[in-house]
Amino acid sequence: MSFRLYNTLTRKTEEFQPLEAGRVGMYVCGPTVYGHAHLGHGKSYVSFDILLRYLRYLGYSVSYVQNITDVGHLTDDADAGEDKISKQAQREKKHPMAIAEYYTRSYFEDMDALNCIRPDISPRATGHIPEQIELVQTLLDKGYAYAVNGSVYFDVSKFGAYGKLSGRNVEEMQAGARVDVNAEKRHPADFALWKKAEPGHVMQWNSPWGRGYPGWHLECSVMSMKYLGKTIDIHGGGIENQFPHHECEIAQSEAANGVPFVRYWVHHNMVTVDGQKMGKSLGNFITLKQIFKEGHQRLSRLYNPLAVRQLILQSHYRSPIDFSDAALTAAQSGYDRITEAVLAVRKAMNTALTGQADADVVKQLDTMRQKFETAMNDDLNTAVALSVIFEMLKLANQVVSGKTTQATLNAVNDQFIKLGGEVLGIVKDEYAIAGGGDEQLLEHLIGLMIEQRQTARKKKDFAASDRIRNKLTEFGIVLEDSPAGTTWRRQ
RNA sequence: GGCGGCGUAGCCAAGCGGCCCAAGGCGACGGUUUGCAAAACCGUUAUUUCGUGGGUUCGAAUCCCACCGCCGCCUCCA
């Protein structure tokens, strides 16, 4: 069975067929860097990371481009007001570029923590002003745009296909429009390609139409064209960007190039927190850093970034996901079990027998792999794919608890790495011991306590042995007894 | 006002016409194990049941209609 992907443009799940066999060009709308990344970013980029990883797993050579929007945009109709980056710059008393740089680094840090593979290219909008001006000029030359008083607008009436992605038509949109009417525009649906800079607007550039800045749909068209060509295979983004952002991108790009802009439009759904929409303007958003290390009022504890990733994978990318403390706790528990099982497999390798891999285990693994691939092939059904990882967990624990061979354990571990690691990104190749030297000291000290406790237990002095274990539990160290001896782990 | 989505066990969630008397996770409960625990393993956890009421069909959680409830987009937002 081949890989099938839902295409917003056709509203159907279609067999994925790249333009050029074996190669895929994928563009994903990146963040506007004026604040720390939040849960919504997490869901978005984990979703596309899965798409990227699975395409690579299938053997495609993927070029993955994700922009960094480092020039904040106004609404396309506003005549006054500040852009988001400038606003943040004023607040922090820094240059807008410093703001963009700072939050770009923060963004990558969070995405690394979520185990998202970095894009091959992360083009900045401000680094492509000449190209954007060029595209505006092309649209003017071809008669799709008009210049008014230092600004340039796209003439929607000239592009018949406008609305094909979002299923809207220009006439119906006029009625309920909540945007202010801009007298410069010929039609309310026309959108800005280039805006004249108002006095005091920090981010501005020279153009044939005077000093100004690019319209907010322009950068994606320009940068995807530049790095991936006039027709790209996949364009991803949030469902809220379907209109107007992506609709405008299509209009600009196809009007300029005369060829289809995108073959597969992929949109992921939104995030809610405790059942409510999470929005920057609402102030109820939780940043990833708050979940990972700073804490938040709505959260009872900190969570492992990969547990957050796992929670995201538990539902479909086109479904909304509601983040709550309870949901995160549940995901963390499940994630911990997977991690423990993987570690147990790796640990058991040291003492396992030599010999051939257990044929039955190998067969079961293969069945699970097929189920996994079938699920992923069906528009990235990560919920089912994850359930396969849990089936593997069960199998792994059974294998580890019995007599087994190194080859068997290797087979289990390899599949964990391939499916859980390479594709889903929740199993690591190595679980680094944090802390380095201190960790060794800890190992020795706890080893000593375990020894003391063992002595007490041999003498049946359970009061003493329990005291040691309870005290360590207070410090977040859990002792576990087994026939092979006592081991410890962090809570 | 226009457009779109959702409602499945205590919670999260997959399934989208027969393999469903409905995956998987979390939680809970019982058992094995343990000095007691923890972890792991085994088992139980949706009164033919999938918001409610109709309909189509040999057959529906899955299709159609109505109703109720929730959410998102239409303005920058991932």
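Chain letters run A, B, ... following the sequence lines, proteins first, then strands; residues in each count from 1.
In the set rC26(B), rA78(B), rG35(B), the nucleotide with an atom closest to the side chain of Met278(A) is rA78(B). Of the candidates rG27(B), rA13(B), rA78(B), the closest approach to any side-chain atom of Ala383(A) belongs to rA13(B).
Between Ala396(A) and Val345(A) the shortest heavy-atom distance is CB-CG2, 3.7 Å. Between Phe285(A) and Gln290(A), the shortest heavy-atom distance links the atoms O-OE1, 4.1 Å.
Rounded to whole Å, atom C1' of rA78(B) lies 17 Å from atom OH of Tyr103(A). Rounded to an integer number of Å, the gap from His245(A) NE2 to rA78(B) P is 10 Å. Rounded to whole Å, atom C1' of rG24(B) lies 15 Å from atom CE of Met392(A).
Toward the 5′ end of RNA chain B lies the nearest nucleotide of Lys394(A), the other residue of the pair Lys394(A) and Ile239(A) mapping further downstream. For the pair Leu39(A) and Val384(A), both in contact range of RNA chain B, the more 5′-proximal nearest nucleotide belongs to Val384(A).
Using a 4.0 Å cut-off, no side-chain N or O of Arg11(A) falls inside it from OP1 or OP2 of rG4(B). The side chain of Asn241(A) places an N or O atom within less than 4.0 Å of a non-bridging phosphate oxygen (OP1 or OP2) of rC77(B). Regarding contacts with the backbone of rA37(B), every side-chain N or O of Thr473(A) stays at 4.0 angstrom or more from both OP1 and OP2. For Asn397(A) and rC41(B), the shortest distance from a side-chain N or O to OP1 or OP2 is below 4.0 Å.
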